[in-house]
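The block underneath contains the structure these notes are about, expressed in structure tokens.
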Amino acid sequence: MSTESDTPLLDELEKGPFPSFVSEIKKAAAKNKMALDELKQLEKSYRDKRGYWKHGGIVGIRGYGSGIIGRHSSLPQEFPGVADFHTVRVNSVSGFFYTSDSLRQICDIWDRHGSGLLNMHGSTGDIILLGTSTEKLEPVFAEFSSRGWDLGGSGSSLRTPSCCIGPARCEWANIDTLDIIYNLTQEFQDEMHRPAFPYKFKIKAAGCAVDCIGAIARADCSIIGTWRGHIVVDQSAVAEYAKQGMDIQAEIVNLCPTGCMVYDGRELYINDEDCSRCMHCISRMTKALRPAGEKGATILIGSKAPFVIGATLSWVLVPFMKLEPPYDEFKALLKKIWEYWDEHGKNRERLGELVIRRGMREFLEFVGVKPSPQQVKEPRRDPFFYWKDEDFRRQ
Amino acid sequence: MDLPKRKTDIGPPNYRDFLPPVISKNYGDWKYHEVLSPGVMVHHAGSGEKIWTVRVASPRLLSTDTVRELADIADKYCGGYLRFTTRNNVEFLVSDEAMLCPLQLELNDKKYMIGGIGPRISNIVHTQGWVHCHSAATDASGLVKALMDEFADYFTTKELPNKVRLAVACCTNMCGAVHCSDIALVAIHRKAPKVNHDSVKNTCELPSTIAACPTGAISPDSSKKSVKINDDKCMYCGNCFTVCSCLEINNPDFDGVAIVAGGKVGSLRSDPKFSRLVVPFIKNNPPRWPEVVEAVSNILDAYAAGAKKHERVGEWIERIGWEKFFRITGLKFTYQHIDDFTIARETFRTSAAFKW
């Protein structure tokens, strides 16, 4: 005898080869009332084609202004288990490395005090625990913080910085992304936990221009590893790639955006002066080609999703900066950037929007970075522009 | 039960305590890697030591049961070491080559999907959707499940000209960095918000609500101590709703999904690119959104058939031209495709050379 399911629409999403989020919610729902009402409310959303969540309210833990996002069902009578169902953001580990014991520790705490559902990870890179009720927030925090975990950012604060896998397991890392992000996160705990900025601020570090963390598209400050030097060519490894069937002329030389390579059928030559370090050839012939010389990073600013003026990609602020512990030069720059934003930024204005609104010159002068051609795709087109008295003195 | 003593501002645990010994030992000294199969790669260190990675898909939303299962598998084959990728995959970090086969057998046995490395479709970056977000105009997890079921072969085996990065954002706030993906879905509204004057008066700050509008469609309504919205100016972005939740923008009859394509974040061969609008609207059709899946398949098939090796979707489209893209995909070109927002003039064609 079969009983009719309460969740016929969601059940459809348990079929097929890809792991099912519905099965995950059901696993949690089997032992947790909050997760069960999450499941039931979601089925209603699928039926009605709309969400039933409200956000906001003053929820959080003592001494922190971030890390918790208030979430409430808009149908609390129907789904009392999720009447309050707040998100807890736990700061992840650099490079998203975990041990089995650390994951079990997270699970044990979350089963005791929350729904038993989590994201590994949210888009910004936090461990997202969803969700729990207001009175559980302090216990959750006590359990996590006493075991060495802390909350991530939310609201108008420094959001949890994140990075690619970097030198931990990648031959292309020009900088130690894990250490940079760990160091910055430790240094700027106050900026993360007590929101005092005009709006959110995101930092992401990628070891090279492949940018596996998407730093250039989604960080107010993007750190992208690069080098000033040359590419070392191992000609025997080049020959090996050719032997294995790689069409080096078509796949490597012809796709080089700067035309800096020549292949004579036996050896590959690179005119390093013309190379822009785009990473195409290196990523395709990783055994044969290696960056060499001075390693560091390009510092870019301003990327964000569409609100309010449309989406932006980060643009170059400092073309090259050495990034070695304790990263004082970078931290000093970051503090100047925040000072400028604090001085001129409007409520809910991202750094990139502010710099676009007021112009690059004022910003460059304030943070102490000189103009350079690497900062632009092309010089301006129009013949009207500002002069200051000091420009006349300089001439 | 007594609670342990809380600590504040201690920051995250140190990543050094979470690295497998072979990584700690060879940190920063990796020489090259090889992709052994769609879900397995090996990194070689200068010391001659190696680490193998086995990648499996996850739905991002996990139960503690599943996380514990992942931990148990890591204990059995990886000395307890594992990691997650930016795209929500799980990577088992194997130091002992003899463990590779039994690990994969157990993963297969437990129905994990192994793959996602190389010129393929990896996991889909996505947002909370109806599962947990107040501003969602669709459900991200459901769309991801429907798409990844359809494209499972492109995760586990089949190759494409280059990697194809998919993303889903459940509203235009775009927590999922949809704006720079090969093919992405973004849920949109198409009707101006309804103003609930009584609650606006009591709960919303008027200046910040008015300032939230990118098109200047919101103005004060002083007689009601509220705001009014000029429907003709509204682009339905929903930013005002984020500031003032009394401006109800959810509208199940009109909400749905737009498809954008051609973005990327890497600098390889060509600069990072934004995704551009290719399908302005498809209605929400849960639980499996068949019309959306079909439209994405159509774009993916055209890319697979037409792109040269190593070309990303955006590079392929730029080479063939947008007019040819719309012709071969059969997608309709509409008023909505022509930009009338902040960068419109940069997007107009300023040449008489184009294709038919």
Will you find, in the side chains of A/S146 and B/K5, an N or O donor that is under 3.5 Å from an N or O acceptor? no

Whether A/E251 and A/R284 form a salt bridge (side-chain N of Lys/Arg under 4.0 Å from carboxylate O of Asp/Glu) is what I want to check. no

Answer with side chain, backbone, both or neither: which region of A/T99 has an atom nearer than 4.5 Å to a non-hydrogen atom of chain B? both

Could you tell me whether the side chains of A/S100 and B/D75 share a donor-acceptor contact shorter than 3.5 Å? yes

Residue, of A/K54, A/K31, A/M192, that accumulates the most heavy atom pairs under 4.5 Å with chain B: A/K31

Ignoring hydrogens and angles, tell me if any N or O in the side chain of B/H179 forms a donor-acceptor pair with the backbone of A/A217 under 3.5 Å. yes

Interface residue of largest heavy-atom contact number with chain B, from A/A215, A/G310, A/A28, A/S45, under 4.5 Å: A/S45

Between A/R71 and chain B, which part of the residue has a heavy atom less than 4.5 Å away: side chain, backbone, both or neither? side chain

Top residue by heavy-atom pair count (under 4.5 Å) with chain B, among A/N32, A/D101, A/D179? A/D179

Compute the ring centroids of B/H33 and A/W172, then answer whether they are less than 6.0 Å apart. yes

Among B/W130, B/F151, B/F155, B/W30, who wins on heavy-atom pairs under 4.5 Å with chain A? B/W130

Best-contacting candidate, A/K346, A/K287, A/K27, A/Q41, against chain B by heavy atom pairs under 4.5 angstrom: A/K287

N-O pairing of B/K145 and B/D149 below 4.0 Å: yes

Using non-hydrogen atoms and a 4.5 Å limit, figure out which bit of A/Y46 sits close to chain B: side chain, backbone, both or neither. both

A/Y64 versus chain B, the contacting section by heavy-atom distance below 4.5 Å: side chain

Identify the two heavy atoms, one from A/F141 and one from A/D150, that lie closest to each other, and give their separation to 0.1 Å. CE1-OD1, 3.8 Å

Under 4.5 Å from any heavy atom of chain B, what part of A/L118 do you find: side chain, backbone, both or neither? both

B/K31 bridged to A/E171 by N-O distance under 4.0 Å: no

Interface moiety of A/N347 toward chain B, non-hydrogen atoms closer than 4.5 Å: side chain

Could you tell me which portion of A/S276 (side chain, backbone, both or neither) has an atom closer than 4.5 angstrom to a non-hydrogen atom of chain B? neither

Interface residue of largest heavy-atom contact number with chain A, from B/G80, B/S267, B/S58, B/P12, under 4.5 Å: B/P12

In terms of the angle between their ring planes, are A/Y98 and A/W149 parallel, tilted or perpendicular, with boundaries placed at 30° and 60°? parallel

At a 4.5 Å cut-off on heavy atoms, which part of A/Q186 comes close to chain B: side chain, backbone, both, or neither? side chain

Part of A/C256 within contact of chain B (heavy atom distance under 4.5 Å): neither

Going by distance alone, is a donor N or O of one side chain under 3.5 Å from an acceptor N or O of the other, for B/E91 and B/T85? no

Contact origin within A/I25 toward chain B - heavy atom pairs under 4.5 Å: side chain

Heaviest contributor of heavy-atom pairs below 4.5 Å to chain B, chosen from A/I224, A/I128, A/T160, A/D108, is A/D108

Flag the one option from A/R62, A/R277, A/R147, A/K377 with the top tally of heavy-atom pairs under 4.5 Å to chain B. A/R62

Can you say whether A/R169 sits under 4.5 Å from chain B via the side chain, the backbone, both, or neither, judging by heavy atoms? both

Name the option with the most non-hydrogen atom pairs under 4.5 Å to chain A; the candidates are B/F274, B/Y81, B/F341. B/F274

Do B/D9 and A/H193 get their side chains close enough for a donor-acceptor pair, meaning under 3.5 Å? yes

